[in-house]
Each structure stands twice: as structure tokens, then as C-alpha cells.
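Presented below is the structure to which this report refers.
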Amino acid sequence: MRTIYVEELIDEIAQLCIKANIDLPEDVRHIIELATVQEDWETASHILLDIQKNYQLSEKNSLPICQDTGMALVFLEIGQDVHLIGDIDAAIQAGIKKGYAKGYLRNSMVEDPLIRENTNDNTPALIYYDLVPGEKIKITIAPKGFGSENMSQIKMLKPSDGREGVENFILQVVKEAGPNACPPIIVGVGIGASFDRAALLAKKALLLDLEKKNPNPYYAEMEESLLQKINELGIGPQGFGGKTTALAVKILPFATHIAGLPVAVNIQCHVARHATTFI
Ligand code: SF4
């Protein structure tokens with residue numbers, strides 16, 4: 001059993017907030033660079049080059065990649081042999097508050113969805129806990145911009161809708177998102193489970209390595225086929241046309257009820273930020 005005092009997490013989380021907002025992950029950069037080389041529509045390739053310049057300048061000058069520094073999503077995988085001392089939820093919120101203040105990151109949270117007063121410190125973060133074997137804690141911070149989040153959708157399909165119904169729904173969501181999601185996008189898809197879990201699967205799909213194929217050959221083929229169909233829509237970078245509408249489609253399936261086929265599509269813009277540490 002390993003003992004961790006939750007106060008130790010505050011500075012780690014503050015640093016992760018800043019890192020995530022100024023330093024785009026390597027896999028996202030690589031896939032944008034590859035798309036730039038492959039794009040043959042001139043306007044689209046200029047936009048992709050501007051996107052590259054933007055994240056390079058952010059890293060060089062320690063500035064946020066986008067003005068929307070996001071709702072702070074925190075994913076924790078806690079080893080079951082860890083004994084946490086203190087209020088972990090309070091420590092995480094303190095870390096978010098410290099990181100957003102120290103990094104001069106925009107505060108984007110309102111206390112109540114209808115009264116809409118800004119909390120002025122970007123809390124509360126949304127925290128997801130998973131228990132895993134071992135005695136470490138894995139912390140991932142993913143700031144989520146709402147231009148793309150607002151274009152996400154969920155649908156309870158019938159089992160008879162099958163793969164065709166799932167693909168049609170995903171394509172419809174991407175078409176409706178159009179330029180509003182700041183393409184090129186990454187399409188996170190959760191298939192199966194329940195109404196709420198499908199959405200979480202879609203969100204977690206966005207954290208997967210974009211350069212790694214789905215370990216299940218059926219879904220690897222489905223992701224490739226969907227990516228091709230999405231890129232044939234011609235929305236293109238920032239909606240100005242071209243073949244780079246999406247950079248990747250990532251699917252996380254899960255067992256479901258015999259009477260159901262939930263599908264959630266979580267859209268992520270090209271500023272696909274997340275940073276991870278292990279304690
Ligand atoms: S959707 Fe992404 S790129 Fe567009 S404003 Fe939001 S965070 Fe920025």
C-alpha cells in the first residue's frame with residue numbers, strides 16, 4: 001500500500017493545465033503535418049500550414065494554442081493499492097484554479113447553466129475516476145473547447161439499424177457540425193453500453209493515440225472507411241473546402257443491451273489538447 005497526500009497533486013495538476021494548453025501532443029502534430037502534405041486544395045493546405053505555425057508559436061512563446069482554453073476535464077486512473085490522504089476532489093479543483101491563474105488561461109466556467117455567472121477560476125473541473133491495479137496514479141488533463149463540444153450528439157439507435165445506421169448518424173453529425181467545430185476535426189465515437197456511458201466512451205476515444213490503429217481489426221477498418229467518407233464531404237480546414245475535414249476517427253465500443261444500440265459522437269477540433277503525468 002502506497003500513501004499519497006492529495007496536496008502533492010495540486011502543483012502537478014496546475015502544471016498539466018499549462019502544458020496541455022500550450023503544447024499540442026506529438027501524435028496530433030504528426031497527423032496535421034501528414035494531412036498538410038496530402039492536401040491538394042491550395043486554400044486548405046495554406047490553412048493547415050497556418051495551424052502548424054500557430055501551435056509552433058504557442059510552444060515557443062508559452063501562449064495558449066487557442067483563446068478558448070476549455071472546460072477542464074480530469075481523468076484519473078488510481079491504483080487500488082494507493083491510500084489517498086485528504087480530499088482529492090478539493091485538491092484537483094485547487095490545482096485547476098492555480099494552473100489557470102498561473103498560465104493566464106481564460107476562465108470559461110459558469111456556476112449555473114441558466115444563471116450564468118462566471119466562477120472566475122475555471123472551476124469546477126469535471127473529474128472522472130477509474131480504479132486500476134497497481135500503486136500509481138495516472139492524471140490526464142484535457143481542456144475541451146466548446147466550439148466542437150457543441151456540435152457533438154448522441155442517439156439511441158435500434159439494433160436493426162446496424163453498422164449502416166451508426167455510420168449514417170456519424171456522417172450526419174459531421175455534416176451538421178460543418179465549419180462550426182473548427183475543422184479539421186477528430187471524431188470520437190462511443191458505441192454500445194448505455195445512454196450515459198456511450199458519451200463517456202466517445203470522450204475517452206478522443207484521448208487515444210491518433211497514430212495507433214484500433215486493436216480490433218473490425219473497428220480499425222470501420223475507422224478508416226469512415227475517415228474516407230468524412231473527408232469526401234469536402235468541408236475542409238475551417239470549412240473552406242478541401243479533403244481534410246477530419247484527421248482521425250476513433251471508436252470505443254462496449255457491450256450493450258439486446259434491445260439497444262446507443263451511439264455518441266464527440267467532436268474535437270484540431271486543437272486536441274491533453275497532457276498526462278504519472279505519480
Ligand atoms: S473549437 Fe477548438 S479551435 Fe475552435 S475556438 Fe474552440 S478550442 Fe479553439
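When a ligand or atom number is given, it counts from 1 through the structure's own listing order. All heavy atoms count here, side chains included; hydrogens, waters and symmetry mates do not.
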Applying side-chain contact (heavy atoms from CB on, under 4.5 Å) between Leu252 and each of Leu207, Leu206, Leu208, Leu200, report the one that passes. Leu208
Heavy-atom count check: over 12 atoms from other residues, nucleotides or ligands less than 6.0 Å from Glu111 CD? no
Could you check whether atom NZ of Lys97 has more than 12 heavy atoms from other residues, nucleotides or ligands sitting under 6.0 Å from it? no
Determine, using the 4.5 Å side-chain heavy-atom cutoff (strictly less than), whether Leu210 and Leu24 are members of one ILVMFWY cluster. yes
I'd like to know if Gln268 contacts ligand 1, where contact means a heavy-atom distance under 4.0 Å to any ligand atom. no
What are the atoms of ligand 1, with element, lying closer than 4.0 Å to any heavy atom of Arg273? 7 (S)
Element-labelled atoms of ligand 1 that are located less than 4.0 Å from some non-hydrogen atom of Gln67: 5 (S)
So, using salt bridge (charged side-chain N to carboxylate O under 4.0 Å, His left out) as the criterion, who are the partners of Lys53 when residues are at least two apart? Asp50
Between Lys204 and Asp130, is the closest basic N to carboxylate O distance under 4.0 Å? yes
Looking at Arg2 and Glu8, does any basic side-chain N land under 4.0 Å from a carboxylate oxygen? no
Any protein N, O or S atom under 2.8 Å from atom 4 (Fe) of ligand 1? Found Cys182 SG
